[in-house]
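Presented below is the structure to which this report refers.
Both backbone and side-chain heavy atoms feed into the values below; hydrogens, waters and symmetry mates do not. Since the model is a prediction, treat every value here as computed from it, not as a measurement.
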Amino acid sequence: KKLLPQLKEQKLEKLFKEIEMPLALVLAAMETNGIKINQEFLAKMGQAVSKKISRLVKNIHKLAGVEFNINSTQQLREVLFEKLAIPALGISKNKTGLSTGADELVKLKGQHPIIELIQEYRELAKLSSTYIEALPKLVNEKTGRLHTNFNQTVAATGRLSSTEPNLQNIPIRTKLGREIRQAFVTEKGYKLLSLDYSQIELRLAAHLSGDKKMIAAFKQDEDIHTATAAAINGVALNEVRPEMRCQAKATNFGILYGQGAHGLSQNADIPYVQAKEFIEQYFKVYKGVKKFMDETIELARGRGYAETLFGRRRFLPEINSSVMQMRKAAERMAINTTIQGTGADIIKAAMIRIQELIDKDYQSGQIKMLLQVHDELVFEVRDNLVKKMAGEIKEIMESVIKLKISLAVDASAGDNWGEMEAITN
């Protein structure tokens, strides 16, 4: 009684009734389905990682010239900044002194060989405790499968989150992360099928901004990062070198998340001055994107909230704060919510339609939706239906919303989540 009039007043009733409520049933089915994991594979992996961690600890102690607890921030601080006297220029401070957090260690890269080893140690220790050791303990005794919880009301942008265990955070770019994904397998006679929106946030940026150059690049089926690199560096598409494309990719995504020159210089591994020039050049090339970002911030400043294409709102009272840091963070959130939040709404709408298809035509367990990891959906599909289902699901995902440019979905399948092969039409 109290909330429905507010939903109507804020024009959120459609989002509530057509997306969030039907999605609750889809998520319940996914949580019930669960996913199978290869426990023997994880046990072997655990032994190998344990040995690697021991070697890293020895090497870190050797470089430090003293044995200490690497997990103790106090002891680590003393080793880095006092014993080894690594310059602490630009390192943030917290209540107890200089910070040794992940972001701060990135700033120290190249200052001493111990830094890279500590970063590697932390990554291995985290993946080991979060996944390699933890996942087998979470397997349900009755089903023999792993059942994560999907949360609809946690992420402020409208994205889904996954807990107990969090299956959305397994890094795909690292070798170990890809190996952990190999532990996610299927029942006999089935394959894992993955469908992934390709560069959905950049496509949404092109649509929302109406930027002619960005839209043209997508319509001509150019690689957007190569096209950006060519435009920023003033060279032809065929003259773009791999490192130029990498820098352009970091710029493309960094700008969408409101990253400044400082953040970009770290992400793209380029000097601050060059990062500053890159951003200036980027906005000269994609004038529409700059205009869209400015207008989005102005709109949020006037309304006090940012909005997705589906009408989802994120209230941002800090956007008019007199504290610059708070104001800037809210400005970044305004852009991020508009783009990332719309992407989240799109995949939710697609999930509802896919589940309708499963319920209508595939009730005998030939296909099950298992996971949603941001722009990716993972299914367990009967061997003989993989190609057919890839086509049907791809069609739903690409047609769920009409934009100025078409959405693109990549399909792949395999016996495990870490080794998937692309499915071509």
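Crowding of Lys52 atom NZ: a count of heavy atoms from other residues, nucleotides or ligands under 6.0 Å not exceeding 12. In the displayed structure, Glu116 atom CD is contacted under 6.0 Å by more than 12 heavy atoms of other residues, nucleotides or ligands. Other residues, nucleotides and ligands contribute only 12 or fewer heavy atoms inside 6.0 Å of the CZ atom of Phe16. Shown here is Gln220, whose CD atom has more than 12 heavy atoms of other residues, nucleotides or ligands within 6.0 Å. Sparse packing is recorded around CD of Glu67, with 12 or fewer heavy atoms of other residues, nucleotides or ligands lying under 6.0 Å away. Few gaps surround CD on Glu31; more than 12 heavy atoms of other groups in view lie less than 6.0 Å from it.
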(request) Applying side chain to side chain contact (heavy atoms under 4.5 Å, CB included), run through Glu392 and Tyr362 and close with a yes or a no. (result) CA-CA 12 Å; Glu392 288 187 29; Tyr362 302 96; 3.1 Å; yes

(request) Assess whether side chain to side chain contact (heavy atoms under 4.5 Å, CB included) is satisfied between Leu208 and Val289, documenting all intermediate values. (result) CA-CA 8 Å; Leu208 290 161; Val289 175; over 6 Å; no

(request) Begin with the C-alpha distance, continue with both residues' side-chain angles, and end with the deciding distance and a verdict on side chain to side chain contact (heavy atoms under 4.5 Å, CB included) for Asn38 and Asn416. (result) CA-CA 9 Å; Asn38 183 340; Asn416 65 66; over 6 Å; no

(request) Please lay out, stage by stage, how Glu201 and Arg159 fare under the test salt bridge (Lys or Arg N to Asp or Glu O under 4.0 Å). (result) CA-CA 13 Å; Glu201 287 170 7; Arg159 267 187 166 191; 3.5 Å; yes

(request) Would you check, one step at a time, whether the test salt bridge (Lys or Arg N to Asp or Glu O under 4.0 Å) holds for Glu280 with Lys276? (result) CA-CA 6 Å; Glu280 284 167 11; Lys276 197 166 177 289; 3.3 Å; yes

(request) Any chance you could lay out the side-chain hydrogen bond (donor to acceptor under 3.5 Å, both in side chains) test for Glu376 and Ser194, step after step, and finish with the verdict? (result) CA-CA 7 Å; Glu376 177 187 13; Ser194 161; 2.7 Å; yes

(request) With side chain to side chain contact (heavy atoms under 4.5 Å, CB included) as the test, would you mind laying out the steps for Met397 and Leu377 before giving the verdict? (result) CA-CA 10 Å; Met397 288 172 76; Leu377 293 174; 4.2 Å; yes

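Side chain to side chain, Tyr131 and Asn169 fail the donor-acceptor criterion of an N or O pair below 3.5 Å. Side-chain atoms of Asn94 and Thr96 form a donor-acceptor pair, as typed in the model, at a separation below 3.5 Å. Under the 3.5 Å distance criterion, with hydrogens and angles disregarded, no donor-acceptor pair is assigned to the side chains of Asp415 and Tyr190. Side-chain contact, Glu104 with Ser92: a donor N or O sits under 3.5 Å from an acceptor N or O. Side-chain contact of Tyr286 with Thr228: a donor-acceptor pair under 3.5 Å is present, judged by distance alone. Between the side chains of Thr148 and Ser162, at least one donor-acceptor pair of N or O atoms lies under 3.5 Å.
Remark: side-chain polar atoms of Thr337 are not paired, donor with acceptor, to backbone N or O of Gly341 under 3.5 angstrom. Distance alone, capped at 3.5 Å, is enough to place a donor-acceptor pair between the Gln75 side chain and the Asn69 backbone. Panel note: side chain Asn140, backbone His147; no donor-acceptor pair is recorded below 3.5 Å. In this structure, Lys83 contributes its side chain and Arg77 its backbone to no donor-acceptor pair below 3.5 Å. Between the side chain of Glu133 and the main chain of Gly46, no donor-acceptor pair closer than 3.5 Å is present. Formation of a donor-acceptor pair under 3.5 Å by the Lys388 side chain with backbone atoms of Leu385 is not found in this model. Glu419 contributes no side-chain N or O that, together with a main-chain N or O of Gly414, makes up a donor-acceptor pair within less than 3.5 Å. Between the side chain of Asn166 and the main chain of Gln168, a donor-acceptor pair closer than 3.5 Å is present. Between the Asp211 side chain and the Met214 main chain, a donor and an acceptor come within less than 3.5 Å of each other.
Thr163 OG1 to Asn149 CG: the interatomic distance, rounded to the nearest 0.5 Å, is 4.5 Å. A distance of 11.0 Å separates CE of Met21 from CD1 of Ile352, quoted to the nearest 0.5 Å. To the nearest 0.5 Å, atoms CE (Met389) and CD1 (Ile423) are separated by 11.0 Å. Between Thr186 atom OG1 and Arg382 atom CZ the span is 10.5 Å, to the nearest 0.5 Å. For the atom pair CG of Leu146 and CD1 of Ile35, the computed distance is 8.0 Å after rounding to the nearest 0.5 Å. Ile279 CD1 to Leu264 CG: the interatomic distance, rounded to the nearest 0.5 Å, is 5.0 Å.
The salt bridge (charged side-chain N to carboxylate O under 4.0 Å, His left out) test applied to Lys175 returns Glu179, not counting sequence neighbours. Remark: Lys290 engages Asp294 in a salt bridge (charged side-chain N to carboxylate O under 4.0 Å, His left out) (not counting sequence neighbours). Taking Phe253 as the reference, His225 meet the ring-ring contact (aromatic ring centres under 6.0 Å, His included) condition, with sequence neighbours excluded. Take Asp269 and apply the salt bridge (charged side-chain N to carboxylate O under 4.0 Å, His left out) test, not counting sequence neighbours, and it matches no residue.
Residues Ala411 and Ala390 come closest through the heavy atom pair CB-CB, 4.2 Å. When all heavy atoms of Glu398 and Val409 are compared, the pair lying nearest together is OE2-N, 2.9 Å. When all heavy atoms of Ile91 and Ser99 are compared, the closest pair comes out as CG2-O, 3.5 Å. Phe310 and Ile401 make their closest contact through CE1-CD1, 3.8 Å (heavy atoms, listed as atom of the first residue, atom of the second, distance). What you find for Ile339 and Ala205 is that their closest heavy atoms are CD1-CB, 4.2 Å. Taking all atoms of both residues into account, the shortest heavy-atom contact from Val386 to Ala413 is CG1-CB, 3.8 Å.
Classified by interplanar angle (parallel below 30°, tilted 30° to 60°, perpendicular above 60°), the ring pair Tyr272/His262 is tilted.
Taking 4.5 Å as the limit, some side-chain heavy atom of Ile358 sits within range of a side-chain heavy atom of Gln355.
Between Phe278 and Tyr282, the ring center distance fails the sub-6.0 Å criterion.
Pairs passing the salt bridge (Lys or Arg N to Asp or Glu O under 4.0 Å) check and including a residue from residues 219-233, sequence neighbours excluded, read Asp223-Arg245.
Tested against Val49, the residues Ile180, Leu127, Ile132 include a single side-chain contact (heavy atoms from CB on, under 4.5 Å) partner, Ile132. Checking Lys191, Arg145, Lys368 one by one against Glu380, the salt bridge (charged side-chain N to carboxylate O under 4.0 Å, His left out) holds for a single residue, Arg145.
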Would you give me the side-chain donor-acceptor pairs under 3.5 Å for residues 326-336, sequence neighbours excluded?
unit_1: Arg327; atom_1: NH1; unit_2: Ser321; atom_2: O; d: 3.1
unit_1: Glu331; atom_1: OE2; unit_2: Arg301; atom_2: NH2; d: 2.4

